[in-house]
Amino acid sequence: MTEVWIIAHDATGGNALACAARALGDRVVAISLGAGVLPGADLSLTVQVSPEVPVEAYACAVADLLSARGAQLVLTDATTTGRLLAGQVAARLGVSPLTASGVVRGNSLQVTRLVYGGLAVATDEVISPVCVLVVAPGALTAEESVRAGQSEAVSLTPAGGLRLVETRAKGGTSVDLTGAKRVVGVGRGFAAEADLELARALAVKLGAEVACSRPIAEGVNWMPAERYLGVSGATIKPELYLAIGISGQVQHLVGVNHSKVIVAINSDKNAPIFAHADFGVVGDLYQVLPELTKSL
Ligand SMILES: Cc1cc2nc3c(=O)[nH]c(=O)nc-3n(C[C@H](O)[C@H](O)[C@H](O)COP(=O)(O)OP(=O)(O)OC[C@H]3O[C@@H](n4cnc5c(N)ncnc54)[C@H](O)[C@@H]3O)c2cc1C
């Protein structure tokens with residue numbers, strides 16, 4: 001029987017990871033750091049975490065528990081907390097963590113990951129007895145599964161030296177683009193911030209989230225950083241992605257090329273995005289968008 005271990009730090013994300021982990025083994029065991037019993041796991045080792053301690057402070061104790069239980073394959077999600085946990089757990093176990101854009105378990109474990117800013121894909125064969133993987137969104141196909149999973153309470157001692165003083169909600173609205181079925185992406189083809197209303201009106205008609213290329217978020221600051229897509233932003237897997245006034249540089253494509261259907265609107269017929277789009281409109285977004293929105 002092949003066993004896959006996950007480290008969960010929130011109930012929803014942890015359960016999604018437990019379901020995805022099933023693609024790699026017969027039995028999923030979760031170390032649940034304050035995330036409760038996960039219905040997607042066969043066994044949840046539940047840890048009562050102190051609200052005064054950052055969850056990463058449990059990393060060394062988690063690594064020791066994994067060692068004691070003989071875990072060989074350990075997964076975290078690709079959130080900031082997941083990555084922090086993976087790095088510290090892997091260091092304690094004496095291996096390097098890998099960020100996986102895909103995983104295949106055959107005779108050996110093969111992990112694909114993006115390199116050179118998303119220009120190429122490297123495939124690594126895991127030869128160490130223990131492997132810690134950060135699972136990028138879309139790397140594993142999650143099957144919704146509910147087990148009559150068992151649970152066992154375990155007590156772990158966090159590392160000292162850090163005390164959580166305060167947590168507060170970020171300003172603005174928060175969005176989970178990774179779960180969106182339709183996404184409208186805006187780029188530098190928009191000449192002014194107010195013009196984004198054209199894309200928002202279309203998104204309302206489509207029931208879509210609005211996202212953007214990096215310069216829109218980190219250059220002109222017209223949208224929050226959590227809404228940009230790409231190698232250093234969010235990765236999405238919607239049924240429909242509309243790229244409007246976006247040239248289609250590789251760093252952007254890495255975040256959107258798992259979309260089922262890509263539609264591009266761009267005034268330059270040679271824009272690279274057209275080589276990756278299922279449908280393309282060569283035209284001025286200022287003419288195309290009002291017409292498109294009106295027709296829906
Ligand atoms: C290390 C690194 C990491 C990066 N990470 C990311 C990332 O994660 N995500 C990301 O998006 N970028 C990232 N970038 C930036 C990336 O290389 C591109 O610069 C960026 O994606 C370009 O954004 P854009 O397509 O909006 O702008 P541009 O490349 O300027 O494209 C604008 C497009 O709009 C079209 N256009 C202009 N006017 C109109 C009009 N009226 N109607 C229709 N079309 C019009 C133009 O023809 C053009 O194709 C990264 C870069 C580096 C170096």
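Note that ligands are numbered from 1 as they come in the structure, with each ligand's atoms numbered from 1 the same way.
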request  = Have a look at ligand 1 and work out which part of Pro215, if any, has a heavy atom under 4.0 Å from it: side chain, backbone, both or neither.
outcome  = side chain
ask   = Between CD1 of Ile6 and CG of Leu133, what distance do you get to the nearest 0.5 Å?
value = 13.0 Å
ask   = What protein heavy atom sits nearest atom 1 (C) of ligand 1, and how far off is it?
value = Arg214 NH1, 4.4 Å
note = Nearest heavy-atom contact between Val210 and Val186 is CG1-CG1, 4.5 Å
query = Under a heavy-atom criterion of less than 4.0 Å, does Gly283 contact ligand 1?
reply = yes
task = Would you mind telling me if ligand 1 is within reach of the side chain of Leu229, the backbone, both or neither, using heavy atoms under 4.0 Å?
result = backbone
key: Polar contact flag, side-chain donor to acceptor under 3.5 angstrom, Ser267-Asp284   = no
query = If you measure from CG on Leu98 to CG on Leu75, what distance do you get to the nearest 0.5 Å?
reply = 11.5 Å
query = ligand 1 and Tyr228, any nitrogen or oxygen pair closer than 3.5 angstrom?
reply = no
ask   = For atom 52 (C) of ligand 1, which candidate among Glu218, Gln249, Gln251 holds the nearest heavy atom?
value = Gln251
ask   = Tell me, which protein residue and heavy-atom name are nearest atom 37 (C) of ligand 1, and how many Å apart are they?
value = Gly189 CA, 3.4 Å
message = Does the residue Gly233 have a heavy-atom contact with ligand 1, meaning some pair of atoms that are separated by less than 4.0 Å?
response = yes
task = Give the minimum heavy-atom separation between Tyr241 and Ile236, together with the two atoms involved.
result = CD1-CD1, 3.9 Å
Ion pair check, Glu226 and Arg214, cut-off under 4.0 Å = no
query = When you measure from atom 49 (O) of ligand 1 to every protein heavy atom, which one gives the shortest distance, and what is it?
reply = Asn266 ND2, 2.9 Å
key: Check ion pair Lys260-Glu239 (N to O, under 4.0 angstrom)   = no
query = To the nearest 0.1 Å, how far is atom 41 (N) of ligand 1 from its closest protein heavy atom, and which atom is that?
reply = Asp284 OD1, 3.0 Å
query = Starting from atom 42 (N) of ligand 1, which protein heavy atom do you reach first, and at what distance in Å?
reply = Leu285 N, 2.9 Å
key: Option set Ala211, Ser213, Gly185, criterion heavy-atom distance to atom 26 (O) of ligand 1, minimum   = Ser213
Val231 N/O to ligand 1 N/O under 3.5 Å = yes
request  = Could you list the atoms of ligand 1 found under 4.0 angstrom from a heavy atom of Gly230?
outcome  = 7 (C), 8 (O), 9 (N)
Any protein heavy atom nearer than 4.0 Å to atom 15 (C) of ligand 1 = no
ask   = Would you say ligand 1 has an N or O under 3.5 Å from any N or O of Ser232?
value = yes
ask   = Can you tell me the protein heavy atom closest to atom 30 (O) of ligand 1 and the distance?
value = Arg188 NE, 3.0 Å
key: Sidechain N-carboxylate O distance under 4.0 Å for Glu209, Lys181   = no
message = Can a side-chain donor-acceptor contact be found between His9 and Thr76 if the only test is distance below 3.5 angstrom?
response = no
query = When you measure from atom 29 (O) of ligand 1 to every protein heavy atom, which one gives the shortest distance, and what is it?
reply = Ser247 OG, 2.6 Å
key: Leu296 atom CG, over 12 foreign heavy atoms within 6.0 Å   = yes
task = Run the salt-bridge test on Arg69 and Asp64 with the 4.0 Å N-O cut-off and return the result as yes or no.
result = no
query = So which of Gly245, Gly187, Gly248 gets nearest to atom 32 (C) of ligand 1, if we judge by its closest heavy atom?
reply = Gly245
query = When you measure from atom 43 (C) of ligand 1 to every protein heavy atom, which one gives the shortest distance, and what is it?
reply = Ser267 N, 3.3 Å
task = Measure the CG-OH distance between Leu33 and Tyr58 for me, rounded to the nearest 0.5 Å.
result = 8.0 Å
